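Inspection log for the structure reproduced underneath, given as structure tokens.
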Amino acid sequence: MTPPSSATPRHWLMKSEPEECSIDDALAAPGATVPWTGVRNYQARNFMRDGMQVGDGVLFYHSSCAEPGIVGIARVASGTRADPTQFDPASPYHDPKSPPDAPRWLLLDVQALRKTRLLGLPELRQHPELADLRVLQKGSRLSITPVDLPHWERIMALLDTQA
DNA sequence: GCCAACGTTGGC
DNA sequence: GCCAACGTTGGC
């Protein structure tokens with residue numbers, strides 16, 4: 001019997017600035033699980049709300065740093081809930097326009113599974129079969145992007161090789 | 001630090 | 001609904 005498409009495993013790439021939350025930070029957190037706070041983009045929010053399911057595979061990506069690239073494997077560990085930082089005036093993620101009775105911004109928990117070798121942007125670009133990967137597109141700024149299964153599998157294989 | 005690309009805001 | 005101005009992202 002074929003499972004419904006809603007049960008199909010999905011895969012994602014999630015960007016994190018290592019100065020905010022590195023793969024080491026995530027692995028060191030209780031249960032290696034961190035609330036993915038600070039998403040302030042509607043498309044990324046909608047991926048969390050409408051697309052991501054507990055157990056989905058996540059490529060943990062370091063951005064805005066000396067060596068941007070994939071640095072670990074994680075999984076989606078919860079459904080969405082309101083991101084509390086949107087209501088915190090002291091937070092850089094504060095959003096005074098978000099109605100408390102209808103929170104604009106969501107987060108979900110991400111559980112780090114393991115650190116990998118750095119699979120950096122230049123190396124990713126060397127592989128033509130990965131050319132469609134969203135994070136390789138010019139001007140790609142989305143902090144959460146879906147990853148097609150063939151891309152996921154290719155990246156898993158690359159992570160098992162030397163750079 | 002630079003700057004291209006992008007998303008959001010707000011005047012009209 | 002258009003679009004210019006602005007702020008942010010993120011690689012380099």
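Treat the numbers as computed from the prediction; the structure is a model and nothing was measured. Naming: A, B, ... by sequence-line order, numbering from 1 per chain.
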Could you tell me which residues satisfy side-chain contact (heavy atoms from CB on, under 4.5 Å) with [X], sequence neighbours excluded, listed by chain and number?
{"X": "Pro103(A)", "answer": "Ala82(A), Gln86(A), Phe87(A)"}
{"X": "Leu119(A)", "answer": "Ile70(A), Arg117(A), Glu123(A), Leu124(A), Ile155(A), Leu158(A), Leu159(A)"}
{"X": "Thr85(A)", "answer": "Thr37(A), Arg40(A), Asp83(A), Ser91(A), Tyr93(A)"}

Q.
Taking Val147(A) as the starting point, is it possible to reach Tyr61(A) by hopping between hydrophobic residues whose side chains are less than 4.5 Å apart?
A. yes
Q.
Assuming nearest nucleotide by heavy-atom distance, tell me which of Gly139(A) and Lys97(A) is located more 5' along DNA chain B.
A. Gly139(A)
Q | Distance-minimising heavy-atom pair for Arg134(A) and Gln43(A) | A | NH2-NE2, 3.8 Å
Atom pairs under 3.5 Å, N or O on each side, protein against nucleotides 1-5 of chain C: can you list them with distances?
none

(Q) How many whole angstroms separate atom CD of Gln43(A) from atom P of dT9(C)? (A) 15 Å
Q | Distance in angstrom units between Leu13(A) CG and dT9(C) C1', rounded | A | 15 Å
**Q.** Heavy-atom side-chain proximity of Gln53(A) to Arg10(A) below 4.5 angstrom
**A.** yes
Q) With sequence neighbours left out, which residue pairs that include part of residues 13-53 of chain A fulfil the ring-ring contact (aromatic ring centres under 6.0 Å, His included) condition? A) Trp12(A)-Phe47(A), Trp36(A)-Phe60(A), Tyr42(A)-Trp105(A)
Using the 3.5 Å cut-off, write out each protein N or O paired with an N or O of nucleotides 10-12 of chain C and the distance between them.
{"residue": "dG10(C)", "atom": "OP1", "partner": "Lys15(A)", "partner atom": "NZ", "Å": "2.8"}
{"residue": "dG10(C)", "atom": "OP1", "partner": "Arg141(A)", "partner atom": "O", "Å": "2.6"}
{"residue": "dG11(C)", "atom": "OP1", "partner": "Tyr61(A)", "partner atom": "OH", "Å": "2.9"}
{"residue": "dG11(C)", "atom": "OP2", "partner": "Ser64(A)", "partner atom": "N", "Å": "3.0"}

Q) Does atom CD of Glu67(A) have more than 12 heavy-atom neighbours, drawn from other residues, nucleotides or ligands, at distances under 6.0 Å? A) no
